[in-house]
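Report on one structure; see the data block that follows.
Computed over heavy atoms, backbone and side chain alike; hydrogens, waters and symmetry mates excluded. The model shown is predicted, which means the values in this text are computed figures rather than measured ones.
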Amino acid sequence: MKQIMFDQVRSPGLSHFSYVVGRNGIAAVIDPRRDCQVYVDLAARRGYHLRYVLETHRNEDYVIGSLELAGLTGAEVWHADSQLDYGYGQAVEDGQRFDIGGLALRAFHAPGHTEGMMNYVLHDGTGAPWMVFTGDTLLPGDVGRTDLLDEEKQEEMAGLLYDTIFEKILPLGDQVIVCPAHGAGSVCGSERVADRPITTVGIERRHNAALQHSDRDGFIRFVSHSLERPPYFSMMEQLNRDGPPVLGGLPVPPPLPPDVFADHASGSQVLDTRMELAFNAAHVPGALSIWEQGVPSFAGWFLDYERPILLVTDPATPEQAVRYLIRLGYDDLVGYLGEGMVGWHTSGLDSDSIGMITVQELCGVLDSGERLWILDVRSQRELEGEGRIPAAHHVPITQLPGHLDEIPRDRPVFVFCGSGLRSTIAASLLQKQGHDDLTVVLGGVAGWTSTTCPLDLGDVAV
């Protein structure tokens, strides 16, 4: 008898967790990501065959890798939300069992986050429940959001979510391991999602804020709130219903010489994934800045699906950026600047730049009495936890595209966030709109030393 196989595959940025579980040479993958060679490699190293691909729900925040993985392995694809007109796979039924090398994996209807959500209970050799794969039903420290279907149906969905958790998941027993589809930072939950990638029913019963509201009406009131909905969610819904194009492996966009890159740039979106210091010092005119590790979190807010994408990366290989982009359905990748910005400059091509200032220098300018226009792109939660700059105008980075006309063009604009990374995204957006007197503030509020403009922490100024 072979060992039981269990692996959690984590996808940074999206805070997405997928799983491989198996025994006696047979395995299933639950909620795979699109760049799915990782599952094939995990199974091959242990001599396992991937027989099933199981989905907990139609995902909103990333492209599911079911079709891609089925093409590589021949695995059967089973999807949830059977009320939808899927273009691939078979619909899982409530109570359906899958034999995973002698272990039973049982599906059960778990509505709340979506109408047709399915969760899966893995039973051990004695038949006792051992693990539950909860998708976005039960998250560490939180529950899945209930506003995705229709904001007017939030209370109805929250009631279904209560029934699922309190009548189906909690009765499994405190010892049962909970394997969620997302962790801290996911847009599929609130900011309460905790940083514990694997948890248990007992831990969540005791420490999950939502589960402290054990009465149904109290639970509904607690979880019925609207969160930001990234614009790319609509594309994810379509791709994950119809089935995304099968890539046959990770795409490899070609390196382009500077002159060819420049020719393509006018009809494309130029995404620069270098860090903020490099981008602000010099970049291709019209480029959007999103540092590489920020691509999963921010690309879906600022890139569209109608125009091809050109990449500027550092180091000069775009592989990681490509992974992040295809997980969001950005497949039209024309190429990348093969010689980097050095080649761009040696070819005699013009570049743009954005000024930079440290937070301490900004404090000094404020103390000198100079009139400034400060754009603070931190989140509301950051303002409440770290303090407000009384002289600043607050627009969260994800809401900036709808407020670009409010930013003045007749005076210098200083852009502030917690580090300079999101400030550089904002500055690149403003520069594309014609703003030419921009300065990114480097460093967060930890270095704030202004005496005339102290941070405002509600009733306490520091």
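Checked by atom type and distance alone, the side chain of Thr346 pairs as donor or acceptor with a backbone atom of Gly343 at under 3.5 Å. Listed for the Gln293 side chain is no donor-acceptor partner under 3.5 Å among the backbone atoms of Gly13. Between the side chain of Arg274 and the main chain of Thr313, no donor-acceptor pair closer than 3.5 Å is present. Panel note: side chain Asp147, backbone Arg145; no donor-acceptor pair is recorded below 3.5 Å. In this structure, Gln269 contributes its side chain and Arg307 its backbone to a donor-acceptor pair below 3.5 Å. For Arg216 (side chain) and Gly159 (main-chain N/O), a donor-acceptor pair under 3.5 Å exists by modelled atom type. The main-chain N or O of Ala265 is never found under 3.5 Å from a side-chain atom of Ser268 such that the two would form a donor-acceptor pair.
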Exercise. Take Glu228 and Thr398, measure what side-chain hydrogen bond (donor to acceptor under 3.5 Å, both in side chains) needs, and give me the verdict at the end.
Key: CA-CA 9 Å; Glu228 281 191 310; Thr398 54; 2.8 Å; yes

Self-check item: Full working for side-chain hydrogen bond (donor to acceptor under 3.5 Å, both in side chains) between Asn208 and Gln212
Solution: CA-CA 7 Å; Asn208 189 306; Gln212 306 317 299; over 6 Å; no

Practice problem: In sequence, state the C-alpha distance, the side-chain angles, and the governing distance for Thr134 and Asn119, and then conclude on side-chain hydrogen bond (donor to acceptor under 3.5 Å, both in side chains). | Solution: CA-CA 5 Å; Thr134 58; Asn119 287 182; 5.3 Å; no

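With hydrogens and angles left out, the side-chain atoms of Tyr324 and Glu292 include no donor and acceptor closer than 3.5 Å. Under 3.5 Å, the side chains of Ser347 and Asp259 contain no donor-acceptor pair of N or O atoms. No side-chain donor-acceptor contact under 3.5 Å links Asp272 and Ser289. When only modelled atom types and interatomic distance are considered, Ser351 and His345 share a side-chain donor-acceptor pair under 3.5 Å. In this structure, a donor-acceptor pair under 3.5 Å is present between the side chains of Ser11 and Arg33. Between the side chains of Asp61 and His16, not a single donor N or O lies within less than 3.5 Å of an accepting N or O. Glu237 and Ser234 form no side-chain donor-acceptor contact under 3.5 Å, judged by distance and modelled atom types alone.
Across Asn240 and Tyr88, no two heavy atoms sit closer than the pair O-OH, 3.3 Å. The two residues Tyr305 and Leu328 make their nearest non-hydrogen contact at OH-O, 2.6 Å. Shown here for Pro253 and Leu333, the closest heavy-atom pair between the two residues is CB-O, 3.9 Å. When every heavy atom of Ala426 is checked against every heavy atom of Val377, the shortest pair comes out as CB-CG1, 4.0 Å. The heavy-atom pair separating Pro231 from Trp301 by the smallest distance is CD-CE3, 3.4 Å. Here the shortest heavy-atom pairing between Gly338 and Pro255 reads CA-CB, 3.8 Å.
Ion pairing between a basic and an acidic side chain is recognised when a charged N comes within 4.0 Å of a carboxylate O; Arg241 and Glu55 show no such pairing. Glu60 and Arg229 are joined by a salt bridge, as a carboxylate oxygen and a charged side-chain nitrogen come within less than 4.0 angstrom of each other. Salt bridge status for Glu204 with Arg196: present, with a side-chain N to carboxylate O gap under 4.0 Å. Ion pairing of Asp436 with Arg409 is absent here, as no side-chain N (NZ or NE/NH1/NH2) approaches a carboxylate O to less than 4.0 Å. The existence of a salt bridge linking Asp35 and Arg327 is confirmed by a sub-4.0 Å separation between a basic side-chain nitrogen and an acidic carboxylate oxygen. Asp142 and Arg192 are joined by a salt bridge, as a carboxylate oxygen and a charged side-chain nitrogen come within less than 4.0 angstrom of each other. Between Glu382 and Arg388, none of the side-chain N atoms (NZ, or NE/NH1/NH2) sits under 4.0 Å from a carboxylate O, so this pair counts as no salt bridge.
One distance of note links CZ of Phe17 with CG of Asp31; it measures 12.0 Å at 0.5 Å rounding. Between the CG atom in Leu325 and the OH atom in Tyr330 there is a gap of 8.0 Å [rounded to 0.5 Å]. Taken from OG1 in Thr424 to CD1 in Ile290, the straight-line distance is 11.5 Å, to the nearest 0.5 Å. Atoms CG and CG, from Asp410 and Asp437 in turn, are 10.0 Å apart once rounded to the nearest 0.5 Å. From Thr449, atom OG1 reaches atom CD of Glu361 across 10.5 Å, with rounding to the nearest 0.5 Å. Taking OG1 of Thr114 as the start and CG of Asp81 as the end, the distance is 3.5 Å to the nearest 0.5 Å.
Close placement of the Trp291 and Phe298 rings is indicated, their centers lying within 6.0 Å of each other.
Qualifying salt bridge (charged side-chain N to carboxylate O under 4.0 Å, His left out) partners for Asp7, counting only residues two or more places apart in sequence or in other chains: Arg46.
Counting heavy atoms from C-beta outward, Ile357 and Phe414 have side chains that approach closer than 4.5 Å. Between Tyr86 and Arg58, the closest side-chain pair of non-hydrogen atoms falls below 4.5 Å. His283 has its side chain within reach of Ile354: a pair of non-hydrogen atoms, C-beta onward, lies under 4.5 Å apart. Side-chain contact check for Val223 versus Tyr162: every heavy-atom pair is 4.5 Å or farther apart. Annotation: side chain of Gln8 is in contact with side chain of Pro197 (closest heavy-atom distance under 4.5 Å). With contacts defined as side-chain heavy-atom distances shorter than 4.5 Å, the pair Asp136/His182 qualifies. Under the 4.5 Å side-chain criterion, counting only non-hydrogen atoms from C-beta, Leu161 is in contact with Thr137. Contact of the Val284 side chain with the Leu349 side chain is not registered, since no non-hydrogen atoms from C-beta on lie closer than 4.5 Å.
Residue Gln37 places its CD atom among more than 12 non-hydrogen atoms of other residues, nucleotides or ligands, all under 6.0 Å distant. For Asp195, the CG atom sits in a loose shell: 12 or fewer heavy atoms of surrounding residues, nucleotides or ligands are nearer than 6.0 Å. Within 6.0 Å of the CD atom in Glu306, the count of heavy atoms belonging to other residues, nucleotides or ligands does not exceed 12.
Screening Val334, Ile309, Leu337, Val312 against Val270 for a side chain to side chain contact (heavy atoms under 4.5 Å, CB included) leaves a single residue, Val312.
Using bins of under 30°, 30° to 60° and over 60° for the plane-to-plane angle, the ring pair His393/Trp373 lands in the parallel bin. Ring orientation note: the planes of Phe133 and Tyr19 are nearly perpendicular, at an angle over 60° on the 30°/60° scale.
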